[in-house]
S.K.: 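Sharing a structure below in structure tokens format, with a few things to ask.
Keep in mind it's a predicted model, so treat the numbers as computed, not measured.
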Amino acid sequence: MTAPPGGRSHQEHLEQARAQILDLLARQAVERDLVQRSGQRRQDVVAGLVLRQQQAALEQRLAQFHPADVAFVLEGLAPDARRVAWGLVRSDRRGAVLLEVSDAARRSLLAEMATDEVYAFVRPLPPDDIASLLASLPDSIRADVLERLDQADQADVRSMLSYPAVTVGARMNFDFITVREDTTLEAVQRLLRQRKPLPPHTTQMFVVDRSG
């Protein structure tokens, strides 16, 4: 997210964004009330168009934020407003946002989501992030999501979930690169070029023997 104009601090920028979102939600509530009370089809159509415009404005606003900033805004909203705003977060960004919100907010948002929705946004994530999110789910939904993962991810996630939350094992990352001790630098470079994408935060590789 780019720096706010006029030297305004990042915190002030987020506070302003949250206020704008609350304003948009309030306008939506007013327009929705008008639609429900109106007996005229023309007024219903106009009010519906206004609601959609306001919804699009809110979606665009949230799409401009870094996931951590969206999380900050969501945490500052009352539960009802948070649910409405969460519904406007793009599905391909939901996993990243949930990793940033507080445990309490994450549990409340996940509790209202169907298994299909949860699977859709966890599927692209690395196993350690999937495990972090599934740990906040009820056992039944967690089991359903796990069954849908491919075998490699499923094994890694199950392994991480088997450790208590405060242990090192629960925070392991299985996505890393290893090379044999007799591999040439040319071969390593070729491996890195062929592998897309690389694991997040790849700053090192592990040199292993034949036993790994």
S.K.: Look only at the side chain of Glu75 and the backbone of Ser102, and say whether a donor-acceptor pair between them is shorter than 3.5 Å.
M.R.: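 It does hold such a pair.
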S.K.: Considering non-hydrogen atoms only, spot the tightest contact between Leu161 and Ala131 and give its length.
M.R.: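 Answer, listing the atom of Leu161 first, then Ala131: CD2-O, 3.5 Å.
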S.K.: Can you find a heavy atom in the side chain of Ser108 that is under 4.5 Å from one in the side chain of Arg82?
M.R.: yes
S.K.: What distance do Leu98 atom CG and Leu133 atom CG have between them, rounded to the nearest 0.5 Å?
M.R.: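 It is 6.0 Å, given to the nearest 0.5 Å.
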S.K.: Are Asp116 and Arg148 ion-paired here, with the side-chain N under 4.0 Å from a carboxylate O?
M.R.: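 A salt bridge links Asp116 with Arg148.
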S.K.: Donor-acceptor pair, Gln154 side chain versus Leu146 backbone, under 3.5 Å?
M.R.: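 The answer is yes, because a donor-acceptor pair under 3.5 Å joins these two groups.
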S.K.: Using every non-hydrogen atom in the two residues, find where Ala85 and Leu62 come nearest and quote the distance to one decimal.
M.R.: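 Of all heavy-atom pairs spanning Ala85 and Leu62, the closest is O-CD1, 3.6 Å.
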S.K.: If you take all heavy atoms of Asp153 and Pro127, which pair is closest and at what distance?
M.R.: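 Nearest pair, atom of Asp153 first, then Pro127: OD1-CG, 3.6 Å.
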S.K.: Search all heavy atoms of Ala187 against all heavy atoms of Thr183 and return the closest pair with its distance.
M.R.: CB-CG2, 3.6 Å
S.K.: Say you draw a straight line from CZ of Arg106 to CG of Leu137; how long is it, rounded to the nearest 0.5 Å?
M.R.: 10.0 Å
S.K.: Just how far is it from atom CG of Leu149 to atom CD of Glu147, taken to the nearest 0.5 Å?
M.R.: 9.0 Å
S.K.: How long is the straight-line distance from OG of Ser136 back to CZ of Arg107, given to the nearest 0.5 Å?
M.R.: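 Reported value, rounded in 0.5 Å steps: 6.5 Å.
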S.K.: So Val70 and Glu100, side chain to side chain contact (heavy atoms under 4.5 Å, CB included) or not? Walk me through it.
M.R.: CA-CA 9 Å; Val70 178; Glu100 300 287 350; over 6 Å; no
S.K.: When you compare the side chain of Pro67 with that of Leu99, does any pair of heavy atoms fall below 4.5 Å?
M.R.: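 A side-chain contact is absent here, since even the closest heavy-atom pair is not under 4.5 Å.
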S.K.: If you compare all heavy atoms of Gly95 against all heavy atoms of Leu125, which two are closest, and at what distance to 0.1 Å?
M.R.: CA-CD1, 4.2 Å
S.K.: With a 4.5 Å cut-off on side-chain heavy atoms, are Val145 and Ile141 touching?
M.R.: yes
S.K.: Do Phe121 and Asp92 have side-chain heavy atoms sitting under 4.5 Å apart?
M.R.: no
S.K.: Starting from the C-alpha separation in whole Å, work towards a yes-or-no answer on side chain to side chain contact (heavy atoms under 4.5 Å, CB included) for Glu112 and Trp86.
M.R.: CA-CA 11 Å; Glu112 299 180 8; Trp86 174 246; over 6 Å; no
S.K.: Okay, side chain of Arg142, backbone of Leu134: is any donor-acceptor separation there less than 3.5 Å?
M.R.: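 Yes; judged by distance alone, with no hydrogens or angles, the pair exists.
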S.K.: Spell out, as yes or no, whether a donor-acceptor pair under 3.5 Å connects the side chain of Glu117 to the backbone of Ala114.
M.R.: yes
S.K.: More than 12 heavy atoms of other residues, nucleotides or ligands under 6.0 Å from CD of Gln60: yes or no?
M.R.: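 Open.
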S.K.: If you measure from the Lys or Arg side-chain nitrogens to the Asp or Glu carboxylate oxygens, is any gap between Glu59 and Arg90 under 4.0 Å?
M.R.: no
